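The block underneath contains the structure these notes are about, expressed in C-alpha cells.
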Amino acid sequence: MTGILKSDLNPILTKESVPFRVNSIFNAGAVKFKDEYLLLCRVEMPNGRSSLVLARSSDGKNFRVDNAPCLTPTPESHGEFYEFVEWGIEDPRITRIKDKFYITYTGYSNYMPLVMLAVTNNFRDFEILGPITEPSNKDCTLFPEKINGEYWKMDRPSNESRNYIWLNKSPDLLHWGGYKFLMGPIPGTWQADKVGGSTPPVKTKHGWLLLYHGVRGFGISNIYKISVMLLDLKKPWKILGKSPEPILMPEYDYERVGDVANVVFTNGWVVEDNGDVKIYYSGADSNICLANTTVDYLISLCR
Ligand code: BMA
C-alpha cells in the first residue's frame, strides 16, 4: 500500500459503543496482546473527568468496549499519587519493554497536567509507579528498549509560549535527566504553535519511526494535524527526516465536528510484523478512527 487510507468504517468507536454512560471516547493507546488488538481508550465521564477503558478486537477494525473502566482516577487505584490525577487520567500511550507493558498517561489535577507511569503484564492489574515529570508536561512516549544502556522518553514540557519536544534518559524508568532538545513549532506552517510526540517510537533499520502532532491556532480555534519523523537509532535526539506536510488532517464531519472541532489526534498505533500499520486516531476529541498504511510508506515520507 502506498498512502494512508482512512477506514470506511470510521469512526470505529463512538460514545454509543460504550456500555456505560460517558460524554465521549477518544485518544486510545494501542497494542497487540495475546492475538487480540487492545485499545486503552480515554473515556470522559459525564462529570467531565476521564478514566481509561479497554476495547478488544480480533481483526483490529471491529472493537467491543468493556463493561467498566480498567483504570480510574481514584484514591483506591492511585494511592499516594491520587493528588496528581484528581481531575482525571488521559491519553495513555503503551510501550512494551520485554514482557511488560508500560503506560504513560496524563494525570490532571489542580497542579495542571503531568506525566504518570503505570505498568501491567495482563491489562487487568496496573501498578502505578507515579509521576515521571513535573507539570506542565504531556505527550510522553517511552522508547521500547535501552539505547546506549539507558531508557529514553520523549515528552513536551510547556508554558504559555513554549511547547517544545524534549528527550531524556533514565537508568530505571523513574529517575530522569540528560535532557536533549528535539524540536519546536515551525512559524508560518501547519505546526506553527505547538508540537508533541504522538505514538511510541518503533525500531526500523532506518531509524526510530514515530508519529507526532502539530497545532496551528486560527482565531479562537486550533487545528490539530499528524505527521511522521525518523530519529537516529543511537542518538535519538537527532532527526534523520520528517514529512514536511501532515499525513493526517481533519477532513470529514467526524473529524471536524465534536467536543473540540478540527482535531485529529493519535496516541496509539499497531505496527505489524509484515510492515502494515494501523493508526488509531480520534476525530474532534469525540470518537476513535482507524487509518491504514505501511512502515515503508511512512519511511519514504521522511527521506
Ligand atoms: C491536547 C490533549 C488531547 C486533545 C487535544 C485536542 O492538548 O489535551 O487530549 O485531544 O489537545 O483537543
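Atoms within a ligand are numbered from 1 in the order they appear, just like the ligands themselves. Quantities reported herein were computed from a predicted structural model and do not represent experimental measurements.
Atoms of ligand 1 lying under 4.0 Å from at least one heavy atom of Asp285, given by number and element, are 4 (C), 6 (C), 10 (O), 12 (O).
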*Take Glu145 and Lys203 through the salt bridge (Lys or Arg N to Asp or Glu O under 4.0 Å) test and state the conclusion after the steps.*
CA-CA 9 Å; Glu145 59 184 67; Lys203 195 177 196 178; 2.8 Å; yes

*Determine, stepwise, if the pair Val271 / Val295 fulfils side chain to side chain contact (heavy atoms under 4.5 Å, CB included).*
CA-CA 8 Å; Val271 176; Val295 167; 3.5 Å; yes

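Polar contact with ligand 1: present for Asp91 (N/O pair, distance under 3.5 Å). Residue contacts with ligand 1: Lys138 is placed with a nitrogen or oxygen under 3.5 Å of a nitrogen or oxygen of the ligand (distance criterion only).
Counting heavy atoms closer than 4.0 Å to ligand 1, residue Arg42 contributes side-chain atoms (C-beta onward) but none from N, CA, C or O. Contacts between Asn27 and ligand 1, counted as non-hydrogen atom pairs separated by less than 4.0 Å, involve the side chain only.
For Lys278 and Trp269, the positive end is not near the middle of the six-membered ring at less than 6.0 Å and at most 45° from its axis.
Using a cutoff of 4.0 Å between basic side-chain nitrogens and carboxylate oxygens, Glu251 and Lys6 are scored as salt-bridged.
The nearest heavy-atom contact from the protein to atom 1 (C) of ligand 1 is Tyr224 OH, 3.5 Å.
With no hydrogens or angles considered, no side-chain donor-acceptor pair links Asn267 and Asp91 at under 3.5 Å.
The shortest separation from a heavy atom of Lys194 to ligand 1 is not under 4.0 Å, leaving the residue out of contact.
Checking side-chain atoms of His78 against main-chain N and O of Pro73 turns up no donor-acceptor pair under 3.5 Å.
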